[in-house]
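In what follows, a single structure is set out as C-alpha cells and then discussed.
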Amino acid sequence: MKKIALLSLATCCLFAGKMDVTIKPVDNTIYEKECGSCHFAYPAGLLPSSSWNKMMSNLDKHFGDDATVDKETFQTLVDYLNKNSAEKSMNYKRSRKIVENLNGSIPDSISKMPYMKRKHEDIKEHLITQKEVKGMFNCTACHQNAKKGIFSDDDVNIPNYGKWED
C-alpha cells in the first residue's frame with residue numbers, strides 16, 4: 001500500500017510541474033565520461049537518431065576537435081544514443097516536440113534544431129552570445145537543472161538577466 005501511495009504522490013507532483021522532467025536525463029556512465037569530459041553530456045532525446053549518427057560519423061571533425069574513440073567505446077556510444085534518441089523517447093515532452101518539429105531535416109547540432117531555435121527566438125542575441133553563456137549549445141548556463149532532464153521555462157536563469165519570463 002505504501003508503494004501505491006508513493007507512486008501516486010510522485011505522479012501528482014510530476015503533473016503539478018514540481019518534477020518537470022521534460023527529457024530523459026543521461027544515464028550512461030561511458031557517454032557521460034567520454035562526451036561530458038569536454039562539454040555538457042546532452043541528453044540523447046535532444047536529437048533524432050539520424051542526427052546522432054551523422055555526428056558520430058564525423059568524430060574526427062567534432063566541432064573543430066578530434067573526438068575519436070576506440071571501436072568498443074564508439075559502439076557503446078552509438079547504441080546508447082540511438083536507443084535513447086528523440087524518436088525513441090516520445091514519452092518525454094521535449095523529445096516529442098523535437099520530433100514533431102523536424103520537418104524532414106537532419107540537423108547536425110542541437111542548436112540548429114528547428115524546435116530549439118523557436119524556443120530561443122525571443123531571447124535577445126547578446127544574452128545568448130555573452131561570455132557567461134557562449135551560445136545555445138551551452139544549456140547548463142541558463143537551464144539550472146539540465147543535467148536532471150529539466151528544461152522547463154520556469155527553471156531558466158539567464159546570466160546578467162535573471163529568471164526568464166514569457
**Message:** How long is the straight-line distance from CG of Asn101 back to CE of Met113, given to the nearest 0.5 Å?
**Reply:** 8.5 Å

**Item:** Met56-Phe63 co-clustered via ILVMFWY side chain contacts under 4.5 Å
**Value:** yes

**Message:** Has Asp65 got a side-chain atom pairing as donor or acceptor with Lys61's backbone, closer than 3.5 angstrom?
**Reply:** no

**Asked** With distance as the sole test, does Glu87 use its side chain to make a donor-acceptor pair with the main-chain N or O of Ser49 at under 3.5 Å?
**Response** yes

**Request:** Take atom CD of Glu121 as the centre, draw a 6.0 Å sphere, and report whether it contains more than 12 heavy atoms from other residues, nucleotides or ligands.
**Result:** yes

**Request:** With the side chain counted from C-beta on, respond yes when Leu102 and Pro48 share a heavy-atom pair under 4.5 Å apart, and no when they do not.
**Result:** yes

**Message:** Once rounded to the nearest 0.5 Å, what's the spacing between atom CG of Asn138 and atom CZ of Phe40?
**Reply:** 9.5 Å

**Item:** Tyr80 side chain vs Asp27 backbone, donor-acceptor pair below 3.5 Å
**Value:** yes

**Item:** From Asn82 atom CG to Leu47 atom CG, the distance as rounded to the nearest 0.5 Å
**Value:** 11.0 Å

**Item:** Flag side-chain contact, heavy atom, 4.5 Å: Cys142 against Tyr161
**Value:** no

**Message:** What's the separation between atom NZ in Lys93 and atom CG in Asn91, rounded to the nearest 0.5 Å?
**Reply:** 14.0 Å

**Asked** Do the side chains of Met90 and Val99 get nearer than 4.5 Å, heavy atoms only?
**Response** yes

**Request:** Could you check if a side-chain atom of Ser51 sits within less than 4.5 angstrom of a side-chain atom of Ser85, using non-hydrogen atoms only?
**Result:** no

**Asked** Among pairs that include at least one residue of residues 125-153, which meet ring pair (Phe, Tyr, Trp, His ring centres under 6.0 Å), considering only residues two or more places apart or in two chains?
**Response** His143-Phe151

**Request:** Output yes when a side-chain donor or acceptor of Lys117 lies under 3.5 Å from a complementary backbone atom of Ser111, and no otherwise.
**Result:** no

**Fill in**
Distance col, row Ile150:CD1 vs Thr22:OG1, nearest 0.5 angstrom, shows 7.5 Å

**Asked** Does a donor on one side chain sit under 3.5 Å from an acceptor on the other, for Glu32 and Asn28?
**Response** no

**Tyr115 side chain vs Glu100 backbone, donor-acceptor pair below 3.5 Å** = no

**Asked** Is the number of heavy atoms from other residues, nucleotides or ligands within 6.0 Å of NZ (Lys88) greater than 12?
**Response** yes

**Item:** Short side-chain donor-acceptor distance under 3.5 Å, Asp66 and Thr68
**Value:** yes

**Request:** Treat each ILVMFWY residue as a node, draw an edge where side-chain heavy atoms are under 4.5 Å apart, and state whether Val133 and Leu127 are in one component.
**Result:** no

**Message:** Quick check: do Thr129 and Lys134 have side-chain heavy atoms less than 4.5 Å from each other?
**Reply:** no

**Message:** Within the structure provided, determine whether Leu46 and Met116 are in side-chain contact (heavy-atom separation under 4.5 Å).
**Reply:** yes

**Request:** Using a 4.5 Å cut-off on heavy atoms from C-beta on, say whether the side chain of Ile23 contacts that of Ser89.
**Result:** no

**Request:** State, to 0.1 Å, how close Lys54 and Ile106 come at their nearest heavy-atom pair, and which atoms those are.
**Result:** NZ-O, 3.1 Å

**Prompt:** Is the count of non-hydrogen atoms from other residues, nucleotides or ligands lying under 6.0 Å from Lys163 atom NZ greater than 12?
**Reply:** yes

**Fill in**
Ser152 and Arg94 have their tightest heavy-atom pair at CA-NH2, 3.7 Å

**Contact summary for Ala146 and Cys139, nearest pair of heavy atoms** = CB-CB, 4.5 Å

**Request:** Compare every heavy atom of Pro25 with every heavy atom of Lys148, then report the nearest pair and how far apart it is.
**Result:** O-CG, 3.2 Å

**Asked** Do Ile30 and Thr73 come within less than 4.5 Å of each other through their side chains, counting heavy atoms only?
**Response** yes

**Item:** Within 6.0 Å of NZ in Lys97, more than 12 heavy atoms from elsewhere
**Value:** no

**Request:** For Asp70 and Glu72, indicate whether the former's side chain and the latter's backbone hold a donor-acceptor pair under 3.5 Å.
**Result:** yes

**Fill in**
In this structure, CG of Asn157 is separated from CD of Gln144 (nearest 0.5 Å) by 5.0 Å

**Asked** Is any side-chain N of the basic residue among Lys119 and Asp153 closer than 4.0 Å to the acidic one's carboxylate O?
**Response** yes

**Prompt:** Is the side chain of Gln130 donor-acceptor paired with the backbone N or O of Asn160 at a distance under 3.5 Å, no angle test?
**Reply:** no

**Request:** Decide whether Tyr42 and Phe74 are clustered together by the hydrophobic rule: side chain heavy atoms of Ile, Leu, Val, Met, Phe, Trp, Tyr closer than 4.5 Å, transitively.
**Result:** yes

**Verdict with reasoning, Val156 to Asp154, per side-chain contact (heavy atoms from CB on, under 4.5 Å)** = CA-CA 6 Å; Val156 174; Asp154 296 338; over 6 Å; no

**Complete:** Scanning both residues in full, the closest heavy-atom pair of Ala86 with Gly45 reads CB-O, 3.3 Å

